[in-house]
There are 2 protein chains.
Amino acid sequence: MLSIGKLSAATGVKVPTIRYYEEIGLLPEAERSAGNQRLYRKEHQERLAFVRHSRELGFPLDDIRELLSLSDRPDMSCAAADVIASRQLAAVKDRIARLQALQQELERMLTQCAQGTISDCKVIEVLSNHENCLHADHGEGCHSVHPGHDC
Amino acid sequence: MLSIGKLSAATGVKVPTIRYYEEIGLLPEAERSAGNQRLYRKEHQERLAFVRHSRELGFPLDDIRELLSLSDRPDMSCAAADVIASRQLAAVKDRIARLQALQQELERMLTQCAQGTISDCKVIEVLSNHENCLHADHGEGCHSVHPGHDC
DNA sequence: ATAGGATCTCTAGCAACTAGAGGTTCAAGA
DNA sequence: TCTTGAACCTCTAGTTGCTAGAGATCCTAT
């Protein structure tokens with residue numbers, strides 16, 4: 001039986017975060033000691049490790065909730081888990097592509113900056129002028145944009 | 001003189017977001033019509049476009065606030081703007097590296113998944129076992145970890 | 001027995017918005 | 001000119017995934 005502090009140390013998840021996970025139903029309610037303190041076992045530790053690893057992989061808590069409910073039913077097909085992971089993979093690839101474009105643009109900004117005054121600083125200039133930017137439009141087009149604005 | 005809706009259409013920033021930016025002091029308080037509706041000019045539009053583009057590049061609002069105050073003082077050295085952009089570039093590179101590791105791991109998960117049942121689903125298994133993961137430790141080590149936990 | 005670290009609950013706050021309620025103003029058509 | 005309905009106003013509350021603090025209680029080691 002682990003205290004919440006030990007569980008935290010064992011999993012690398014902070015104490016208030018563990019309580020938060022319990023509160024939102026991601027972890028079951030812990031047993032309590034005579035003095036009302038939470039007590040955990042190996043199975044809780046494993047579940048929490050699962051959550052932590054999934055979070056590190058970028059899964060939102062709702063997806064983790066779903067994955068947990070899947071792993072509780074080991075006789076089901078894993079197609080659902082596959083779908084979640086695929087969705088996540090697509091999101092990761094998309095984020096990488098966007099970030100690489102941003103990286104290019106930031107590098108361009110920085111190499112052009114002549115270390116002069118603000119009035120000829122390319123950083124500010126690039127940020128001011130949307131026209132000659134590289135970073136927009138990767139795949140599904142310019143997101144969250146109003147009609148009439150083409151970036 | 002543009003209404004807030006026209007400004008929104010012109011910049012691609014949603015109406016409530018514009019009001020929010022004004023509320024937090026990122027944009028100056030707008031003039032008002034006789035009927036208390038906000039009115040904007042070209043300079044507001046430019047400032048908002050600057051904010052939007054910076055947000056797209058991932059700058060947090062506080063950095064944008066700083067960049068805006070820099071661009072208001074065109075006689076100063078642009079070293080400060082450089083610092084902000086460099087910081088952002090470093091953050092972007094770091095995020096790319098992490099995401100690429102995640103991508104690898106997700107792909108590994110998915111290719112190993114035999115489309116069987118949950119009980120032999122690699123997706124769930126990989127998420128359960130932290131030991132054989134590739135994604136941890138990129139540069140500054142395992143972040144946000146308690147002493148005693150080595151990931 | 002006691003000191004002080006760990007735990008408890010509760011509330012509030014962070015970024016960066018988004019959504020809704022309930023009320024007012026503006027612009028275009030009849 | 002009137003009317004209608006879209007756009008605007010303010011205000012509050014919600015989102016995600018936590019984090020920080022207050023003030024009280026518990027547990028463990030000396």
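Letters A, B, ... mirror the listed sequences (proteins, then strands); counts begin at 1. Computed over heavy atoms, backbone and side chain alike; hydrogens, waters and symmetry mates excluded.
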| query | If you find the nucleotide of DNA chain C closest to Thr17(B) and the one closest to Ser3(A), which residue's nucleotide is nearer the 5' end? | reply | Ser3(A)
| request: Check the distance between dT16(D)'s P and Asp63(A)'s CG and give it to me in whole angstrom. | output: 12 Å
| request: Return the value, rounded to whole Å, for the distance between atom CZ of Arg55(A) and atom C1' of dC18(D). | output: 9 Å
| query | Any side-chain N or O of Tyr20(A) less than 4.0 Å from the OP1 or OP2 oxygen of dT16(D)? | reply | no
| said: Let's go through Arg32(A) and Leu39(A) carefully: what are the C-alpha distance in whole Å and the side-chain angles of both, what is the deciding distance for side chain to side chain contact (heavy atoms under 4.5 Å, CB included) to 0.1 Å, and is it a yes or a no? | reply: CA-CA 6 Å; Arg32(A) 298 299 181 116; Leu39(A) 293 175; over 6 Å; no
| field | Whole angstrom value for the distance that separates C1' of dC18(D) from CD1 of Ile64(A) | value | 13 Å
| remark: Numerically ordered, the residues 41-48 of chain A set in heavy-atom contact under 4.0 Å with DNA chain C is none
| message | What's Arg38(A) touching, base or sugar-phosphate or nothing? Going by heavy atoms closer than 4.0 Å. | response | sugar-phosphate
| request: Assess whether salt bridge (charged side-chain N to carboxylate O under 4.0 Å, His left out) is satisfied between Lys42(A) and Glu46(A), documenting all intermediate values. | output: CA-CA 6 Å; Lys42(A) 270 280 174 283; Glu46(A) 278 161 22; over 6 Å; no
| query | Once you round it to whole Å, what is the distance between C1' of dC9(D) and CD of Glu29(B)? | reply | 15 Å
| In whole angstrom, what separates Glu31(B)'s CD from dC8(D)'s P? | 17 Å
| task | May I ask you to decide if Ile4(B)'s main-chain N or O and Ser8(B)'s side chain share a donor-acceptor pair within less than 3.5 Å? | result | no
| said: Between Leu48(B) and Leu26(B), is the side chain to side chain contact (heavy atoms under 4.5 Å, CB included) condition met? List the steps. | reply: CA-CA 9 Å; Leu48(B) 184 53; Leu26(B) 207 59; over 6 Å; no
Can you name the atoms? Protein N/O to nucleotides 21-29 of chain D N/O, anything below 3.5 Å, with the distance.
{"from": "dC27(D)", "atom 1": "OP1", "to": "Gly35(A)", "atom 2": "N", "distance (Å)": "3.0"}

| task | Test salt bridge (charged side-chain N to carboxylate O under 4.0 Å, His left out) on Glu29(A) and Arg38(A) and set out the steps. | result | CA-CA 9 Å; Glu29(A) 291 194 14; Arg38(A) 289 173 180 81; over 6 Å; no
| Can you tell me how far P of dT16(D) sits from CD of Glu23(A), to the nearest Å? | 13 Å
| query | Could you give the start and end, 5' to 3', of the contact zone on DNA chain C for chain B, using atoms under 4.0 Å from its heavy atoms? | reply | dA16(C) to dC26(C)
| request: Would you kindly give the NZ-to-C1' distance between Lys14(B) and dT15(D), to the nearest whole Å? | output: 13 Å
| message | Among residues at least two apart in sequence or on other chains, which ones pass ring-ring contact (aromatic ring centres under 6.0 Å, His included) with Tyr40(A)? | response | His44(A)
| remark: Applying salt bridge (Lys or Arg N to Asp or Glu O under 4.0 Å) to Arg41(A) and not counting sequence neighbours gives Glu31(A)
| Once you round it to whole Å, what is the distance between C1' of dT10(D) and CD of Glu22(B)? | 12 Å
| request: Say whether, by atom type as modelled, one donor and one acceptor occur between the side chain of Arg55(A) and the main chain of Leu61(A) under 3.5 angstrom. | output: no
| query | Does Glu107(B) have any salt bridge (Lys or Arg N to Asp or Glu O under 4.0 Å) partners at least two apart in sequence or in another chain, and if so, which? | reply | Lys93(A)
| Are the side chains of Thr11(B) and Val51(B) in touch, meaning some heavy atoms are under 4.5 Å apart? | no
| task | Examine distances only and state if a side-chain atom of Thr17(A) and a backbone atom of Val13(A) form a donor-acceptor pair shorter than 3.5 Å. | result | no
| request: Grab the two heavy atoms, one from Leu2(B) and one from Gln45(B), that are nearest each other, plus how far apart they are. | output: CD1-OE1, 3.4 Å
| request: Just call it for Ile4(B): base, sugar-phosphate, or nothing, with non-hydrogen atoms closer than 4.0 Å on any strand. | output: sugar-phosphate
